Amino acid sequence: MFKAVVVGTSYGGLDALKLIFPRLDKDFQIPIIVVLHIGSHRNDVFVDYLNDICQLAVKEVDEGESILPGHIYFAPPNYHLLVNDNLTFALSADEKVNFSRPSIDVLFESAAWVYRKSLIGVILTGANSDGASGMKIIKRLGGTTIVQNPSGAISPVMPEFAIEASIPDFVLEIQNIAEKLIELAETI
């Protein structure tokens, strides 16, 4: 039974997420935790937009906040996002990892150690290697991994690195990722 989904994306990620999240209905209760590389720009406009088109609650993470079902959480700009053992969030202003803060690898690794086989990791379109080593750790600790098919990504670099590093369980077209998440959520 899965307890969390972590998603990493950068260049082209806004478009990709708009194709996935609105397809998840209110019955999808696995919390989704997202690192989207947007530089130092705020997530507010995009979070508000997603709240208007999604059935799940969408918000930017607050320090120490509990991870709740039925929510989509976004890392705030300029902070690494980590999952604590007590299923709360921690924010860190530590040095950039893979030229990024927030870093997908930081989120994925911390979540992998907490959730282990109950974690789903997803890598979408992006223009660097962030997330590849995190996917490898998710896979090594028994989690399930999904990567967007690089041929359909706005930027194939991030999916290509993730595929090379971890041999994902599923390589899917963007329009099939929501359905796979729903299918996985229904497995016991």
Side-chain angles (χ1 to χ4, degrees), residues 4-21 31-43 46-47 50 58-61 63 67 72-84 89-116 119-174 177 180-181:
V5 176
V6 289
V7 179
T9 187
S10 73
Y11 183 72
L14 297 173
D15 292 330
L17 297 173
K18 290 190 296 189
L19 294 173
I20 297 172
F21 293 159
I32 301 171
I33 309 162
V34 183
V35 166
L36 169 65
H37 292 170
I38 57 169
S40 59
H41 304 289
R42 301 277 311 155
N43 288 320
F46 188 61
V47 167
L50 284 178
V58 183
K59 72 178 305 290
E60 191 173 276
V61 168
E63 171 71 32
I67 301 170
I72 300 170
Y73 297 99
F74 278 84
N78 293 317
Y79 288 95
H80 292 304
L81 177 59
L82 298 99
V83 175
N84 293 318
F89 289 116
L91 299 175
S92 164
D94 286 349
E95 291 299 313
K96 292 181 177 183
V97 175
N98 289 319
F99 310 102
S100 303
R101 189 179 55 227
S103 165
I104 298 165
D105 282 331
V106 170
L107 169 63
F108 280 22
E109 183 173 346
S110 72
W113 285 105
V114 171
Y115 291 108
R116 297 186 175 261
L119 183 65
I120 300 170
V122 181
I123 288 287
L124 304 174
T125 179
N128 68 18
S129 65
D130 193 18
S133 70
M135 284 292 265
K136 190 173 185 177
I137 293 169
I138 290 171
K139 185 91 169 160
R140 191 177 82 217
L141 295 176
T144 298
T145 53
I146 300 171
V147 175
Q148 180 182 1
N149 188 335
S151 67
I154 292 172
S155 178
V157 177
M158 192 175 283
E160 288 169 349
F161 271 105
I163 289 168
E164 185 179 318
S166 68
I167 309 171
D169 297 298
F170 305 98
V171 176
L172 302 171
E173 301 301 328
I174 192 72
I177 292 176
K180 180 54 72 176
L181 290 173

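Note that the numbering runs from 1 along the sequence shown for the chain. Predicted model only: the values in this text are computed from it and were never measured.
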Could you give the distance from [atom1] ([X]) to [atom2] ([Y]), rounded to the nearest 0.5 Å?
X      : Y      : atom1 : atom2 : result
Leu82  : Leu91  : CG    : CG    : 8.0 Å
Thr145 : Phe108 : OG1   : CZ    : 10.0 Å
Leu17  : Phe46  : CG    : CZ    : 5.0 Å
Ile67  : Phe89  : CD1   : CZ    : 4.0 Å
Ser100 : Asn128 : OG    : CG    : 5.0 Å
Lys139 : Ser166 : NZ    : OG    : 7.0 Å

Which heavy atom of [X] sits nearest to which heavy atom of [Y], and what is that distance?
X      : Y      : value
Ala162 : Met135 : CB-CG, 4.4 Å
Val47  : Val58  : CG1-O, 3.5 Å
Ile123 : Met158 : CG2-CG, 3.6 Å
Leu119 : Ala111 : CD2-C, 3.7 Å
Thr144 : Asp169 : CA-OD2, 3.2 Å
Ala127 : Ser155 : CA-OG, 3.4 Å

Heavy atoms, side chains only, cut-off 4.5 Å: are [X] and [Y] in contact?
X      : Y      : answer
Pro168 : Ile163 : yes
Ile146 : Leu181 : yes
Val83  : Val6   : no
Val34  : Phe21  : yes
Lys59  : Phe74  : no

Is a side-chain N or O of [X] found less than 3.5 angstrom from the main chain of [Y], in a donor-acceptor match?
X      : Y      : answer
Asp130 : Ile104 : yes
Gln148 : Ile174 : no
His80  : Ala75  : no
Arg101 : Asp94  : yes
Ser110 : Leu107 : yes
Thr125 : Tyr11  : yes

Exercise for review: Please test Leu124 against Ile177 for side-chain contact (heavy atoms from CB on, under 4.5 Å), starting from the C-alpha separation and ending with a verdict.
Suggested key: CA-CA 10 Å; Leu124 304 174; Ile177 292 176; 3.6 Å; yes
Review point. With sequence neighbours left out, what residues match Glu173 under side chain to side chain donor-acceptor pair (under 3.5 Å)?
Key: Asn149
In this structure, are over 12 heavy atoms from other groups packed under 6.0 Å from [X] atom [atom1]?
X      : atom1 : answer
Ile167 : CD1   : no
Tyr79  : OH    : no
Lys136 : NZ    : no

Practice item. Could you pull out all residues at least two apart from Ser133 that satisfy side chain to side chain contact (heavy atoms under 4.5 Å, CB included)? Key: Asp105
